[in-house]
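Read the structure below first, then the notes.
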Amino acid sequence: MLARVAVILSIWLAGFGIAQAQEAESDSMIFAPSKYLLLDKGLQFRITKAINSMYNFDFPTAERDYAVLAIQYPNHPLPEFLVALGYWWRIEVDVTNEKYDATFVKYLDRAISKAEVMFDADEENKEAAFFLAAGYGFQARLYSERKSWTKAAWAGRNALKYMDLSRGEEEFNPELLLGDALFNYFSQWIPENYPLLKPIMALFPKGNKKLGLQQLEQVASNAFYTRVEAQYFLFRLYASEEKEPLKALQISEYLISKFPNNPYFHRSYARHLYAVGRWTEAVEQSKEILERIEAKQTGYESNSGRYAAFYIAQFNERMGDRVEAKKYYLKTLSFGEESESQESGYYLHSLLQLGKFATEEKNKPLAKKYFKEVKKYAKRKHPTHQEARDYIKKNKL
């Protein structure tokens, strides 16, 4: 249990991704050199396009620029870390897909190895410690998704250790603040949501969710390397934990405007539009997602399709168009089966609605089939499970 708690904290503490580069004012700008490559404003200016391409899922363009960076700085962890981050975003679109795991870990290991050489040469090197914290932190995130708890706990402990060692350089503060923000939020959130873990969480410093959100906002506004990652965490927290869907929508709307081909931001934007009742716009975005899946656009796959098809189905049901609603609920099931997401809420609710339609259409065998599938895939405490049982009993299926 302790290992699992350590993993949970390390995942959130290690939100050190390389974020959107700030806009440069002019191609002729001259920057003073820094002793740390991360703080070199000239480099930040030069890699803006590459990083923005990465977040926009134009990985070939980004990786060509990263290859040039690797030639210029062959012993520095930054190029390999940037490539690894690109693979993390490929994974993030559908975390159940393990296709990119080995490549992601390979580039992280290379970045960690180069950072270790830098750190061994100078244990006061804050930049080396930063990359070690980031590298191990991302490994902890992946291993926890794969339920490799021992590996995740080991990587998480290393991330925490090097995070502490990377402190002390004032210019790094906006980047390091992301770790503090996530720690503050989740070290309070975990005992609130998992009371049995309170004794274990007492071993950690006391957190403050409100302060954590404020710090995330600071990072989202002021950081260079961790800006987009902070915005990512913010819209997720505002949507699910803080129950502030308008704030979540505002952030996702900004991100999709900056990175219009990022499928994760795209489906999140559609989701937040739907959550605030802007259904027509949500349907427009959802149809565009489905078109991009059909066109096999990079990153657009069945997981995003499951979201999009469900929003369209719900909209048509609200509008009284059962034919279209049924069509898109069936698409939701198809995408869910393709991504092996039968236990997801959208899949279960689609089964339930199709079962209700079949019941109303006096097709008892089909209704029974759908409700039995709800019971098969839903946990007993899930509301769809209870509702399916009630329908079976009420209609003598």
Side-chain angles (χ1 to χ4, degrees), residues 4 93-97 145-147 192-196 236 239-241 243 245 248 267-268 270-280 282-283 285-287 289-290 293-294 301-397:
R4 189 168 294 206
V93 171
D94 181 4
V95 293
T96 65
N97 188 340
E145 290 288 354
R146 303 299 175 239
K147 296 181 172 54
E192 288 178 352
N193 289 272
Y194 297 94
L196 292 176
R236 292 188 64 174
S240 61
E241 304 301 329
K243 311 303 180 190
R267 77 173 186 232
S268 298
R271 181 179 186 175
H272 298 149
L273 285 168
Y274 186 80
V276 302
R278 290 166 58 178
W279 298 322
T280 302
V283 167
Q285 294 298 323
S286 297
K287 287 183 176 179
I289 290 170
L290 295 183
I293 293 171
E294 185 70 23
E301 40 58 78
S302 57
N303 202 32
S304 296
R306 179 169 50 88
Y307 284 71
F310 184 79
Y311 302 143
I312 299 171
Q314 287 266 287
F315 175 76
N316 280 290
E317 184 177 356
R318 289 174 184 271
M319 299 300 292
D321 190 339
R322 181 170 292 189
V323 172
E324 284 295 290
K326 189 184 297 186
K327 171 185 171 182
Y328 283 99
Y329 280 132
L330 288 169
K331 280 184 177 288
T332 304
L333 297 187
S334 178
F335 284 126
E337 287 155 11
E338 185 179 341
S339 61
E340 299 183 352
S341 304
Q342 288 93 333
E343 295 181 2
S344 69
Y346 293 160
Y347 187 89
L348 295 173
H349 281 287
S350 295
L351 283 173
L352 190 66
Q353 294 308 111
L354 288 167
K356 290 179 182 180
F357 289 168
T359 302
E360 292 171 11
E361 293 164 2
K362 310 300 183 185
N363 190 339
K364 285 192 173 185
L366 184 58
K368 186 176 182 179
K369 171 182 175 290
Y370 285 131
F371 292 136
K372 279 193 171 183
E373 288 184 357
V374 173
K375 291 175 65 181
K376 176 182 176 180
Y377 293 117
K379 294 181 179 178
R380 189 168 182 83
K381 292 184 178 179
H382 196 280
T384 57
H385 195 291
Q386 178 63 55
E387 200 167 349
R389 295 201 311 269
D390 291 344
Y391 260 81
I392 290 172
K393 182 178 180 180
K394 179 180 177 182
N395 296 281
K396 299 178 181 179
L397 298 175

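K327 is not listed as a side-chain neighbour of V323, based on a closest heavy-atom distance of 4.5 Å or more. Counting only heavy atoms from C-beta outward, the side chains of R306 and N303 approach each other to under 4.5 Å.
To the nearest 0.5 angstrom, R389 atom CZ is 10.0 Å from T384 atom OG1. To the nearest 0.5 angstrom, L333 atom CG is 10.5 Å from F310 atom CZ. To the nearest 0.5 angstrom, K326 atom NZ is 7.5 Å from L354 atom CG. The CD atom of E241 lies 6.0 Å from the CG atom of N193; values are rounded to the nearest 0.5 Å. Distance check: T332 OG1 to L348 CG gives 11.5 Å after rounding to the nearest 0.5 Å. Between F357 atom CZ and L352 atom CG the span is 10.0 Å, to the nearest 0.5 Å.
When all heavy atoms are compared, the tightest approach of D321 to E324 is OD1-N, 3.2 Å. Among all heavy-atom pairs drawn from K375 and A388, the shortest one is CG-CB, 4.3 Å. Between A270 and A282, the shortest heavy-atom contact is O-CB, 3.7 Å. The heavy-atom pair separating A275 from P245 by the smallest distance is CB-CB, 4.5 Å. Heavy atoms only, all atoms of each residue included: T96 and S339 are closest at OG1-O, 3.9 Å. Among all heavy-atom pairs drawn from E338 and S302, the shortest one is CD-CB, 3.6 Å.
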* Trace of the side chain to side chain contact (heavy atoms under 4.5 Å, CB included) decision for L290 with I293 -> CA-CA 5 Å; L290 295 183; I293 293 171; 4.2 Å; yes
* Could you go through the side chain to side chain contact (heavy atoms under 4.5 Å, CB included) check for H385 and K381 one step at a time? => CA-CA 7 Å; H385 195 291; K381 292 184 178 179; over 6 Å; no
* Take Q314 and H349 through the side chain to side chain contact (heavy atoms under 4.5 Å, CB included) test and state the conclusion after the steps. => CA-CA 10 Å; Q314 287 266 287; H349 281 287; 6.0 Å; no
* Is there a side chain to side chain contact (heavy atoms under 4.5 Å, CB included) between Q342 and E340 once you walk through the steps? -> CA-CA 6 Å; Q342 288 93 333; E340 299 183 352; 4.1 Å; yes
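Taking the centre and axis of the six-membered ring of Y307, the NZ or CZ atom of R267 falls inside the cone set by 45° and 6.0 Å.
K369 pairs by the side chain to side chain contact (heavy atoms under 4.5 Å, CB included) definition with L366, E373, not counting sequence neighbours.
No more than 12 heavy atoms of other residues, nucleotides or ligands shown are found within 6.0 angstrom of OH on Y391. Within 6.0 Å of CD on E361 lie more than 12 heavy atoms contributed by other residues, nucleotides or ligands.
Of the candidates Y346, Y329, Y328, Y311 forms a ring pair (Phe, Tyr, Trp, His ring centres under 6.0 Å) with just one, namely Y346.
Looking only at distances, no side-chain donor or acceptor of K362 sits under 3.5 Å from a matching main-chain atom of T359.
In this model, no donor atom of one side chain and acceptor atom of the other lie less than 3.5 Å apart for E337 and S334.
For K356 and E317, the salt-bridge test fails: no basic side-chain N is under 4.0 Å from an acidic carboxylate O.
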